[in-house]
**Student:** 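Just dropping this structure here.
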Amino acid sequence: MPPTVNMGIPGASRSALGTGLAHDAGKRVLLAEPRGYCAGVDRAVETVERALEKHGAPVYVRHEIVHNRYVVDTLAQAGAVFVEQTDEVPEGAIVVFSAHGVAPTVHEEAKARKLQTIDATCPLVTKVHNEAKRFARDDYDILLVGHEGHEEVVGTAGEAPDHVQVVDNPDAVDNVTVRDPDKVVWLSQTTLSVDETMETVRRLREKFPTLQDPPSDDICYATQNRQVAVKAMAPECQLVIVVGSRNSSNSVRLVEVALGAGASAAHLVDYADDIDPAWLADVTTVGVTSGASVPEILVRGVLDRLAEHGFGTVQPVTTANETLVFALPREIRPART
């Protein structure tokens, strides 16, 4: 990996990046921090790894454990078998539920098939599930801001199917109807663009003035932190490269955020080989970040590829430090000695 110059700029801004070393370094990479694995993804991936160590292959996983091709392919090589539906898992086998969470009906299906379940749902997603159940008990209409069909949205909506409406984007607000405008709450998918979500909420509040907010922020801390870091560096970048898979909602959002924050161009890549050298023509500053389900080895590959094209200086842009760690599911925690 090319040498790193630590600029030491918490909450870096355009003016801070545009002085001194930044202009003297020639071709450079601005490297967003934080980036990559969040606590929920780290927990989910380690859950599958520990299950394979403890029980041996195969260990079944319902849906991709996280939305990243490299992670899924690597775990598959180690003996994980990814399935779309619970009935694809042999009776009595071990099945891991992905970080995105599942609806209660999936737990019931697993119980009926006598499956040994390990729930790797991100605790922040579980929080949104619990909010949905609570507001459904109080007979609220729940407006779930999120992408129709996304695994996380399907799981959350499944907690209260008679009370939840999915609102996919600001324009979808026009089609929302509720039973009682004074008993409406909004919740959200954890991996959305903060800006677009708040625009949807603004439109909802215009239509339903007494719209209630969730008890605490639903958009994941890691999603927000990665977007803030991209916003800090994007104005200085002719190009931003986001490492992540196309089915990763938070990775796709990072591309949108980079463009919205002033980057001249932004592209999503799974691997360094996906970089088109034509993107680098007449570019002096490239921003690099990665989605919350991306291991650091993929970012290092991108930095090495950029170094081959003359981008030999890497300058971190640090806007937050993440220390959160989630406990593993009890089924695969190490035994106490």
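Keep in mind it's a predicted model, so treat the numbers as computed, not measured.
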**Student:** Between H67 and N247 (side chain of the first, backbone of the second, donor and acceptor by atom type, cut-off under 3.5 Å), is there such a pair?
**Tutor:** yes
**Student:** Is it the case that atom CG in D282 sees more than 12 heavy atoms from other parts of the structure closer than 6.0 Å?
**Tutor:** no
**Student:** Find out whether V145 and L143 are in side-chain contact, i.e. whether some heavy atom of one side chain is under 4.5 Å from a heavy atom of the other.
**Tutor:** no
**Student:** Atom CZ of residue position R179 - does it have more than 12 heavy atoms of other residues, nucleotides or ligands inside 6.0 Å?
**Tutor:** yes
**Student:** Any ion pair linking R62 and E84 (charged N to carboxylate O, less than 4.0 Å)?
**Tutor:** no
**Student:** Would V81 and V59 count as a side chain to side chain contact (heavy atoms under 4.5 Å, CB included) if you check the C-alpha gap in whole Å, the side-chain angles of each, and the deciding distance to 0.1 Å?
**Tutor:** CA-CA 6 Å; V81 178; V59 166; over 6 Å; no
**Student:** State which residue, out of K133, R134, K127, fulfils the salt bridge (Lys or Arg N to Asp or Glu O under 4.0 Å) condition with E131.
**Tutor:** K127
**Student:** Decide yes or no on side chain to side chain contact (heavy atoms under 4.5 Å, CB included) for R203 and V167, but give the supporting numbers first.
**Tutor:** CA-CA 11 Å; R203 297 267 294 269; V167 185; over 6 Å; no
**Student:** Does T197 reach the main-chain N or O of S193 with its side chain, forming a donor-acceptor pair under 3.5 Å?
**Tutor:** yes
**Student:** Quick test of your reading of the model: are R226 and E322 salt-bridged, counting only N-O distances below 4.0 Å?
**Tutor:** yes
**Student:** Out of curiosity, L30 CG to M233 CE, how far, rounded to the nearest 0.5 Å?
**Tutor:** 6.5 Å
**Student:** Please find the pair of heavy atoms, one from T190 and one from T223, that lie closest to each other, and give the distance.
**Tutor:** O-OG1, 3.3 Å
**Student:** State, yes or no, whether a side-chain contact exists between V61 and L75 at a heavy-atom distance under 4.5 Å.
**Tutor:** no
**Student:** Can you check side chain to side chain contact (heavy atoms under 4.5 Å, CB included) on I241 and V286, steps first, answer last?
**Tutor:** CA-CA 7 Å; I241 294 175; V286 179; 4.1 Å; yes
**Student:** Have a look at L268 and tell me which of V242, V240, D274 forms a side chain to side chain contact (heavy atoms under 4.5 Å, CB included) with it.
**Tutor:** V242
**Student:** Does any N or O in the side chain of T47 come within less than 3.5 Å of the main-chain N or O of I118, such that one atom is a donor and the other an acceptor?
**Tutor:** no
**Student:** Within the structure provided, determine whether V95 and T86 are in side-chain contact (heavy-atom separation under 4.5 Å).
**Tutor:** no
**Student:** So does I219 get a backbone contact from the side chain of Q224, meaning a donor-acceptor N/O pair under 3.5 Å?
**Tutor:** yes
**Student:** Minimum heavy-atom separation for G244 and V294, please, with both atom names.
**Tutor:** CA-CG2, 3.7 Å
**Student:** Within this structure, what is the CZ-CD1 distance for the pair R50 and I332, rounded to the nearest 0.5 Å?
**Tutor:** 6.0 Å
**Student:** First locate atom CZ of R28, then atom OG1 of T284, and finally report the distance between them rounded to the nearest 0.5 Å.
**Tutor:** 7.0 Å
**Student:** Is atom CZ of R202 surrounded by more than 12 heavy atoms (other residues, nucleotides or ligands) closer than 6.0 Å?
**Tutor:** yes
**Student:** Test E33 against N321 for side chain to side chain contact (heavy atoms under 4.5 Å, CB included), laying out the working first.
**Tutor:** CA-CA 8 Å; E33 295 184 358; N321 292 302; 5.9 Å; no
**Student:** Using a 4.5 Å cut-off on heavy atoms from C-beta on, say whether the side chain of V128 contacts that of Q189.
**Tutor:** no
**Student:** Is the closest basic N to carboxylate O distance between R205 and D213 below 4.0 Å?
**Tutor:** yes
**Student:** So, the side chain of S290 versus the backbone of G36: is there a donor-acceptor pair under 3.5 Å, distance only?
**Tutor:** yes
**Student:** Has the side chain of K27 got a donor or acceptor atom that lies under 3.5 Å from a matching backbone atom of T313?
**Tutor:** no
**Student:** Please confirm whether the backbone N or O of H100 pairs with a side-chain atom of S98, one donor and one acceptor, at under 3.5 Å?
**Tutor:** yes
**Student:** Does any part of the side chain of L211, heavy atoms only, come nearer than 4.5 Å to the side chain of P181, both counted from C-beta?
**Tutor:** no
**Student:** Is a side-chain donor or acceptor of Q227 paired with a backbone partner of V194 at a separation under 3.5 angstrom?
**Tutor:** yes
**Student:** Please confirm whether the backbone N or O of L187 pairs with a side-chain atom of D218, one donor and one acceptor, at under 3.5 Å?
**Tutor:** no
**Student:** Drop me the distance from E236's CD to Q238's CD, to the nearest 0.5 angstrom.
**Tutor:** 9.0 Å
**Student:** So which atom in G146 and which in V166 form the shortest heavy-atom distance, rounded to 0.1 Å?
**Tutor:** O-CG1, 3.4 Å
**Student:** Kindly give the heavy-atom pair with the smallest separation between L259 and A266, and that separation in Å.
**Tutor:** CD2-N, 3.7 Å
**Student:** With a 6.0 Å cut-off (strictly less than), is the heavy-atom count around CG of D138, excluding the residue itself, greater than 12?
**Tutor:** yes
**Student:** Would you say R305's side chain and I275's backbone share a donor-acceptor pair under 3.5 angstrom?
**Tutor:** no
**Student:** For the hydrophobic clusters of this structure (ILVMFWY residues joined by side-chain heavy atoms under 4.5 Å, transitively), does one cluster hold both L31 and L280?
**Tutor:** yes
**Student:** Any non-hydrogen side-chain atom of S245 less than 4.5 Å from a side-chain atom of E64?
**Tutor:** no
**Student:** Under the side chain to side chain donor-acceptor pair (under 3.5 Å) rule, what do H267 and D276 come out as? Steps first, then yes or no, please.
**Tutor:** CA-CA 10 Å; H267 296 284; D276 185 343; over 6 Å; no
**Student:** What are the two closest heavy atoms between F82 and H63, and how far apart are they?
**Tutor:** CD2-O, 3.4 Å
**Student:** Identify whether W186 and L144 are in the same connected component of the hydrophobic contact network (ILVMFWY, side-chain heavy atoms under 4.5 Å).
**Tutor:** no
**Student:** Do H107 and F97 make the cut of ring centroids closer than 6.0 angstrom?
**Tutor:** yes
**Student:** Can D270 and R246 be counted as an ion pair, charged N to O under 4.0 angstrom?
**Tutor:** no
**Student:** Parallel, tilted or perpendicular: which fits the ring planes of Y140 and F135, with parallel below 30° and perpendicular above 60°?
**Tutor:** perpendicular
**Student:** Please find the pair of heavy atoms, one from V257 and one from V230, that lie closest to each other, and give the distance.
**Tutor:** CG1-CG1, 4.1 Å
**Student:** Once rounded to the nearest 0.5 Å, what's the spacing between atom CG of D162 and atom CG of D141?
**Tutor:** 10.5 Å
**Student:** Do V302 and V29 sit in the same hydrophobic cluster, where Ile, Leu, Val, Met, Phe, Trp and Tyr count as joined when their side-chain heavy atoms come under 4.5 Å apart?
**Tutor:** yes
**Student:** What pairs meet the salt bridge (charged side-chain N to carboxylate O under 4.0 Å, His left out) rule with one or both residues in residues 250-260, with sequence neighbours excluded?
**Tutor:** R253-E256
**Student:** With a 4.5 Å heavy-atom cut-off, do E46 and L328 have their side chains touching?
**Tutor:** yes
**Student:** Counting only heavy atoms not in K111, do more than 12 fall under 6.0 Å of its NZ?
**Tutor:** no
**Student:** Same cluster or not: L124 versus V325, using hydrophobic residues (I, L, V, M, F, W, Y) connected whenever any side-chain heavy atoms lie under 4.5 Å apart?
**Tutor:** no
**Student:** Does any part of the side chain of V252, heavy atoms only, come nearer than 4.5 Å to the side chain of S249, both counted from C-beta?
**Tutor:** no
**Student:** Kindly compute the distance separating CG (L303) from CZ (F311), expressed to the nearest 0.5 Å.
**Tutor:** 12.0 Å
**Student:** Is it the case that one hydrophobic cluster holds both V106 and V153, taking links as side-chain heavy atoms less than 4.5 Å apart, direct or via other members?
**Tutor:** no
